[in-house]
Every structure is written in C-alpha cells, then in structure tokens.
Amino acid sequence: MKIAVGSDHGGVELKEEIKKFLNREGYEFKDFGTNSTESCDYPDYALPVAEAVAAKEYDLGILICGTGIGIGIAANKVPGIRAALCSDTFSAHATREHNNANILTLGQRVVGPGLAIDIVKTFLNTEFEGERHQKRIDKIAEIEKKYNK
Ligand code: RB5
C-alpha cells in the first residue's frame, strides 16, 4: 500500500510521529511537506497530496494541520477525494467502511500521538464495504460533476 502524507506547520510534529509508525510497519509513503514549523498555508500541502491520491498514484493519504479541518476542506475540493477528519477510531473505521474515505485528516492540536497512531492503524486496516454504500458515493461523484461543468 502506498500512502501520501502532508501537513502544514500546525501538524508537522504529529506527521513525524506518523512517519515513524509507517516506517516501523514497512509502509511505502511519500511526505509532500511541510518540513518545518515555520508558518505556511495548509492548502499548499493539501493540494499535492489530494491530487496524487485522486490520480491513484497513492492508495490513501494522511493530512494533518492544527485541527485537521482546514487541510481537509482544501483536499475535498479535488474531485474524487473523500477526506475525513477523525478524532476517534470508530470514525476512522466507519469512514473507510461506509464512505470509502481516501484521505484521513488529523488535528495535531486535538489528538495526542498515541490516539493518532491508533486512528491511522484503523484507517489503513479497514476496507470499504461497497454494496449499499457505493450508490451513495456515486451520488457524491454526481454532485462533483454537476459543479464541474
Ligand atoms: C494554523 O495556525 C491553523 O489554522 C491550521 O493548522 C489549521 O488548524 C486550519 O484548519
């Protein structure tokens, strides 16, 4: 499984913890930045990760900012992206099974590293259930088409 990761300055420390976990577990991943705590703009890091996931160059993405909100809003502007903010493992599980979320977003100022790693593990190890959920995802794609004319 190939994973794209990115963050702004508000998420860079948690991203480093997640990268250590991904390395330990042998996941293939690319860090799209940022690499410092210097103030930057989260859309600049959401965009390349979201585009790489939407293009299927990566199977899943992980994006982190202070809250996980801004970076997720930005990622969800890319057609084909279903970015889900999760602060608990139930949501991480449910959003893979039901929404086929392809990007997990996390808030470094919201969750501690221990919980964040559990959320990442859950997200990466849960499969989409398909069936009745697929038609709902197809309807999301229809909304994208309607506004991309
Ligand atoms: C940066 O201070 C902060 O606004 C950003 O990381 C994020 O929380 C935005 O949603």
Side-chain angles (χ1 to χ4, degrees), residues 1-25 27-128 133 136-137 139-148:
M1 180 187 292
K2 287 176 73 179
I3 301 161
V5 300
S7 74
D8 72 354
H9 59 289
V12 74
E13 285 148 9
L14 180 55
K15 185 177 65 180
E16 289 309 311
E17 293 301 317
I18 290 169
K19 283 164 61 182
K20 279 187 218 160
F21 163 77
L22 295 174
N23 270 321
R24 272 201 307 276
E25 297 295 315
Y27 283 103
E28 191 180 336
F29 68 90
K30 178 175 169 180
D31 182 358
F32 286 76
T34 188
N35 298 313
S36 89
T37 53
E38 197 175 317
S39 183
C40 64
D41 302 328
Y42 52 80
D44 296 341
Y45 299 94
L47 182 62
V49 168
E51 286 182 336
V53 172
K56 304 211 183 303
E57 290 161 17
Y58 292 83
D59 300 293
L60 293 172
I62 302 172
L63 285 169
I64 309 138
C65 66
T67 59
I69 297 172
I71 208 157
I73 291 173
N76 275 317
K77 297 296 178 192
V78 174
I81 290 303
R82 293 174 301 280
L85 170 61
C86 297
S87 301
D88 63 89
T89 56
F90 176 82
S91 299
H93 192 261
T95 199
R96 287 287 305 127
E97 279 191 345
H98 291 203
N99 316 125
N100 200 12
N102 47 17
I103 294 184
L104 166 68
T105 79
L106 292 161
Q108 177 180 292
R109 298 171 190 158
V110 181
V111 292
L115 176 56
I117 300 296
D118 275 359
I119 292 169
V120 168
K121 270 186 206 164
T122 304
F123 188 82
L124 299 181
N125 288 304
T126 307
E127 294 294 322
F128 177 48
H133 302 298
R136 296 161 187 167
I137 289 176
K139 288 186 177 188
I140 295 173
E142 287 304 315
I143 296 170
E144 283 176 348
K145 271 192 212 143
K146 180 176 175 184
Y147 286 96
N148 280 330

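Order of listing sets the numbers, starting from 1, for every ligand and every atom in it.
- Atoms of ligand 1 lying under 4.0 Å from any heavy atom of His9, numbered from 1 in the order shown and given with element: 1 (C), 2 (O).
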I would like to know whether Tyr27 and Phe21 meet side-chain contact (heavy atoms from CB on, under 4.5 Å); could you show each step before the answer?
CA-CA 9 Å; Tyr27 283 103; Phe21 163 77; 4.3 Å; yes
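- Of the protein's non-hydrogen atoms, the one nearest atom 3 (C) of ligand 1 is Arg109 NH1, 3.7 Å.
- Taking every non-hydrogen atom of Cys65 and a distance limit under 4.0 Å, the qualifying atoms of ligand 1 come out as 6 (O), 7 (C), 8 (O), 9 (C), 10 (O).
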Start with the C-alpha gap between Lys139 and Glu142, add the side-chain angles, then the distance that decides, and say whether salt bridge (Lys or Arg N to Asp or Glu O under 4.0 Å) holds.
CA-CA 5 Å; Lys139 288 186 177 188; Glu142 287 304 315; over 6 Å; no
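- Proximity of atom 8 (O) of ligand 1 to the protein is indicated by at least one non-hydrogen atom lying closer than 4.0 angstrom.
- Heavy atoms of Gln108 come nearer than 4.0 angstrom to ligand 1 in no pair at all.
- With hydrogens and angles disregarded, a donor-acceptor distance shorter than 3.5 Å links the side chain of Asp8 to the backbone of Gly11.
- Here the side chain of Glu144 pairs a donor or acceptor atom with the backbone of Gly80 at under 3.5 angstrom.
- For ligand 1, the atoms sitting less than 4.0 Å from at least one non-hydrogen atom of Gly66 are 5 (C), 6 (O), 7 (C), 8 (O), numbered in the order shown with element in parentheses.
- With a heavy-atom cut-off of 4.0 Å, Asp8 touches ligand 1 through its side chain alone.
- Between the side chain of Asn99 and the backbone N or O of Ala101, no donor-acceptor pair lies under 3.5 Å.
- A donor-acceptor pair is defined here as one N or O able to donate and one able to accept, closer than 3.5 Å; no such pair exists between the side chain of Glu17 and the backbone of Ile117.
- In this structure, atom 10 (O) of ligand 1 lies nearest to the protein heavy atom Gly70 N, 2.9 Å.
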